[in-house]
Amino acid sequence: MENDLPFSEVVKVFEAIEATTQRTVMAKLLSSIFKEAPPQAMDKVVYILLGQLRPDWEGVELGVGEKLAMRAISTASGLPFKKVEETYKKLGDLGEAARQVMSMKGASTILDYFGAKRSRALTVGEVYESLMNVAKASGEGAQDAKVRLLSSLFAAASPDEAKYIARFIVGKLRLGVADMTVLDSLSDVFNVPKESLEKAYHVHPDLGHIARLLAERGRDALAELRVTPGIPIQPMLAERLSSSKEILGKLGGIAICEYKYDGERAQIHRRGDSVRIFSRRLEDITHEYPDVVGYVMEAMESRDFVVEGEIVTVDPDTGEIKPFQELMHRKRKHDIKEAVEEYPVEVFLFDAIYMDGVDLTDLPLIDRKRALWGAMKPHPKVHHATWRLLDDPAETDKFFLEAISNDCEGIMCKSVKRDSIYELGARGWLWIKYKRDYKSELTDTLDLAVVGAFWGRGRRAGLYGALLLAAYDPDTDQFYTVAKVGSGFTDEDLKKLPEMLDQYKLPHKHPRVVSKMEPDVWFVPGLVIEVIGAEITQSPIHTCCMDPKAGTGLAIRFPRFTGRYRTDKSPEQATTVREVMEMFRNQKKIGEQSIDESI
DNA sequence: AGTGTCTGCCCC
DNA sequence: ATTCTGC
DNA sequence: GCAGAATGGGCAGACACT
């Protein structure tokens with residue numbers, strides 16, 4: 001127990017945090033744990049709190065989701081898997097399900113079986129260590145091993161403790177606390193100004209490490225955390241707007257506008273001969289892009305830098321940018337050589353964060369770009385993102401349409417003012433994205449029939465969390481799925497959906513519905529709702545326009561409910577599969593057409 | 001050897 | 001990725 | 001406006017099953 005603390009103490013505070021909605025109160029409650037925890041246990045407390053085991057770039061994964069978690073709970077409680085699953089489905093929260101199941105009278109734990117009692121309380125260190133062991137299990141029999149480890153952990157836990165262990169496993173603590181609230185609390189406990197703590201976190205995004213450093217060595221230790229090639233920084237994020245006029249207004253009338261490429265955002269670090277590439281979520285993705293490592297070695301004069309750009313798949317002959325789905329074939333561990341040949345990529349850089357020992361984050365955008373250009377040699381695979389300095393909404397719209405006709409998602413508009421620093425981790429108004437689907441004129445909406453629903457989780461427990469939607473085929477008189485939608489519903493929408501759909505409920509799939517997906521509830525096609533998305537993509541699971549040979553149908557990318565119920569339409573008046581196919585075929589032309597119209 | 005299910009602080 | 005909600 | 005928590009399509013990897 002030395003250098004450790006009872007898990008039950010932490011769980012008590014979790015319960016208190018869950019009971020409030022005020023972030024200031026949550027931070028105060030967190031402070032009570034941080035004051036109590038021994039310095040050596042600080043990192044573990046913070047990791048558990050944030051639902052992670054190690055910093056992102058180390059790639060430690062639990063490898064357990066809700067199915068294996070339910071198996072473990074079933075084993076630990078002695079109740080059938082079905083019973084656990086049923087409880088989970090009904091409650092919409094695996095944590096609450098675990099708590100209930102583990103406190104049932106009929107439940108007999110493994111310990112009971114051996115005639116043992118919970119002799120002593122679990123500690124934070126023990127919970128953390130168990131979870132780490134679960135993460136380490138691999139190879140044949142790994143799933144059984146993970147389930148065994150977890151079920152003994154559940155058996156050793158009180159029902160309240162089991163609740164948070166279960167939630168940790170499925171990655172949803174649902175405390176209303178995340179990194180920012182932890183920062184608030186640490187700032188309070190260790191009497192460090194919020195700004196210096198935030199800065200340290202942004203350049204060294206490992207809150208467990210920072211918390212322990214503070215506890216062990218005090219606030220002066222933070223000074224050693226600075227931008228370091230090899231350790232990812234928190235990327236700057238962007239706000240969104242749907243017109244050039246608004247955007248230029250926000251940015252003071254003038255902006256650097258860049259193509260927004262549909263690829264993977266990449267943070268590229270070089271320290272001497274070592275190059276590392278990190279994803280937007282700070283995963284180390286270097287192994288996926290050995291070609292890019294070589295390209296930047298060739299293209300950059302500097303030996304020490306952190307730069308940022310977008311990796312996209314490109315047809316090497318035509319220079320044409322390929323769909324995002326192509327790039328996803330590069331997200332692999334094995335057969336990278338083959339993938340490098342089959343899916344060639346290029347890099348479009350747009351910022352520099354660190355160059356030759358100098359942290360550039362506090363410099364204005366122009367100065368950072370100058371540093372970037374200064375370090376770049378002409379290279380066939382490494383470019384600067386196509387850009388323009390613009391101060392006129394009409395010109396900006398033209399550039400935006402040009403970007404779309406060149407297979408980009410839209411443009412990024414960036415402040416060029418003196419204060420246009422690289423705002424780490426912030427979704428501020430210095431960068432604004434402008435995408436096609438933000439403008440309804442440029443993106444068709446679809447009116448789709450609701451053919452199924454999925455039970456919601458968390459704050460949507462007991463309600464439908466998402467609906468299964470289908471387009472109509474007048475030739476076969478059948479409905480083919482093209483999307484699930486769970487975004488765009490207000491609380492009011494969610495509340496009334498069950499009653500609206502009650503009249504259509506079925507115990508099985510309707511004979512006129514063609515679906516590979518299995519929703520929790522089936523409906524007779526009846527209700528029609530309006531949906532918008534970014535584009536139509538090829539789909540392995542949706543049946544709309546399914547080609548039986550290729551096995552691919554069509555789906556909506558980033559679907560969301562527009563808020564409009566088309567009660568004026570019968571399901572047979574829904575968007576047809578033919579229309580969806582037309583949208584799929586025409587979407588590439590939209591940019592060109594609109595440019596023509598605007599001239 | 002081939003297929004199916006689950007998982008990922010996945011990528012978007 | 002987008003969207004909604006409480007503060 | 002921030003911070004957090006709901007939710008989407010689709011890819012490969014890992015493992016289990018047949």
Nearest-nucleotide 5' precedence on DNA chain C, A:Lys433 against A:Thr21: A:Lys433

Start and end of the DNA chain C segment that chain A contacts, any atom under 4.0 Å from a heavy atom: C:dA1 to C:dC7

Any donor-acceptor N or O pair under 3.5 Å, side chains A:Asn406, A:Tyr261: no

Touch class at under 4.0 angstrom, heavy-atom based, for A:Phe561 against every strand present: nothing

Whole-Å gap separating P (D:dG8) and CD1 (A:Ile536): 17 Å

Distance in angstrom units between A:Trp429 CH2 and D:dC2 C1', rounded: 12 Å

Integer-rounded Å distance: B:dT5 P and A:Ile541 CD1: 13 Å

side-chain contact (heavy atoms from CB on, under 4.5 Å) partner of A:Ile536, the single match among A:Asn586, A:Val482, A:Ile556: A:Ile556

Whole-Å distance separating the CD atom of A:Glu288 from the C1' atom of B:dC10: 9 Å

Phosphate contact (B:dC10 OP1 or OP2) by A:Arg281 side-chain N/O below 4.0 Å: yes

Nucleotide nearest A:Arg280 (side chain, heavy atoms from C-beta), chosen from D:dG10, B:dC12, D:dG4: B:dC12

Side-chain donor-acceptor pair present, A:Thr443, A:Arg436, cut-off under 3.5 Å: no

Parallel, tilted or perpendicular, as decided by the 30° and 60° cut-offs, for the rings of A:His204 and A:His209: parallel

d(NZ, A:Lys67; C1', B:dG8) in whole Å: 16 Å

Sugar-phosphate only, base, or nothing, as touched by A:Leu68 at under 4.0 Å among non-hydrogen atoms: sugar-phosphate

Whole angstrom value for the distance that separates P of D:dA6 from CG of A:Leu463: 12 Å

Touch class at under 4.0 angstrom, heavy-atom based, for A:Leu175 against every strand present: sugar-phosphate

Whole-angstrom distance between B:dG8 and D:dG10, as gauged at atom C1': 12 Å

Below 4.0 Å: OP1/OP2 of D:dA6 and any side-chain N or O of A:Arg174: yes

Residue closer to the 5' end of DNA chain C, A:Gly488 versus A:Lys260 (nearest nucleotide): A:Lys260

Heavy-atom neighbours of A:Lys28 NZ exceed 12 at 6.0 Å: no

Nearest to side-chain heavy atoms of A:Asp179, which nucleotide of B:dT7, D:dG9, D:dG4: D:dG4

Out of D:dG9, B:dC12, B:dC11, whichever nucleotide has its closest atom nearest the side chain of A:Ile285: B:dC11

Proximity to the side chain of A:Ser487 - top-ranked nucleotide from D:dG9, D:dG4, D:dT7: D:dT7

Touch class at under 4.0 angstrom, heavy-atom based, for A:Glu264 against every strand present: sugar-phosphate

Touch class at under 4.0 angstrom, heavy-atom based, for A:Gly171 against every strand present: nothing

Letter per nucleotide, 5' to 3', of nucleotides 12-18 of chain D [B base touched, S only sugar-phosphate touched, - untouched; heavy atoms, 4.0 Å]: SSSSS--

Sugar-phosphate, base or nothing in reach of A:Leu494, heavy atoms under 4.0 Å: nothing

Test item: side-chain donor near acceptor, A:Glu338 and A:Tyr343, under 3.5 Å: no

Donor-acceptor side-chain pairing of A:Asp351 and A:Tyr422 below 3.5 angstrom: no

A:Lys199 NZ to A:Leu424 CG distance, which is reported to the nearest 0.5 Å: 5.0 Å

Gap between atom CG of A:Leu554 and atom OG1 of A:Thr537 - 0.5 Å precision: 7.5 Å

Intermediate values then yes/no, salt bridge (charged side-chain N to carboxylate O under 4.0 Å, His left out), A:Glu310 and A:Arg265: CA-CA 5 Å; A:Glu310 193 84 4; A:Arg265 189 163 174 183; 5.7 Å; no

Residue of the set A:Arg457, A:Arg167, A:Arg459 for which side chain to side chain donor-acceptor pair (under 3.5 Å) holds with A:Asp93: A:Arg167

Gap between atoms CD and P, on A:Glu239 and D:dG1 respectively (whole Å): 7 Å

Paired stretches of DNA chain D - 3 or more consecutive Watson-Crick or G-U pairs, each distance under 3.5 Å: B:1-8 with D:11-18, B:10-12 with D:8-10, C:1-7 with D:1-7

Face-on cation placement of A:Lys89 at A:Trp455 ring, 6.0 Å and 45° thresholds: no

Under-4.0 Å side-chain N/O to phosphate OP1/OP2 contact, A:Ser539 with D:dG9: no

The single option from A:Asp188, A:Leu186, A:Leu183 passing side-chain contact (heavy atoms from CB on, under 4.5 Å) against A:Lys194: A:Leu183

Touch class at under 4.0 angstrom, heavy-atom based, for A:Lys250 against every strand present: sugar-phosphate

Sugar-phosphate only, base, or nothing, as touched by A:Gly51 at under 4.0 Å among non-hydrogen atoms: nothing

Touch class at under 4.0 angstrom, heavy-atom based, for A:Lys146 against every strand present: nothing

Between C1' of D:dG4 and CG of A:Leu237, the distance in whole Å: 14 Å

Sugar-phosphate, base or nothing in reach of A:Tyr438, heavy atoms under 4.0 Å: sugar-phosphate

Side-chain N,O (A:Thr181) to OP1/OP2 (D:dA3) below 4.0 Å: no

A:Arg240 to A:Tyr434, cation-pi by 6.0 Å centre distance and 45° axis angle: no

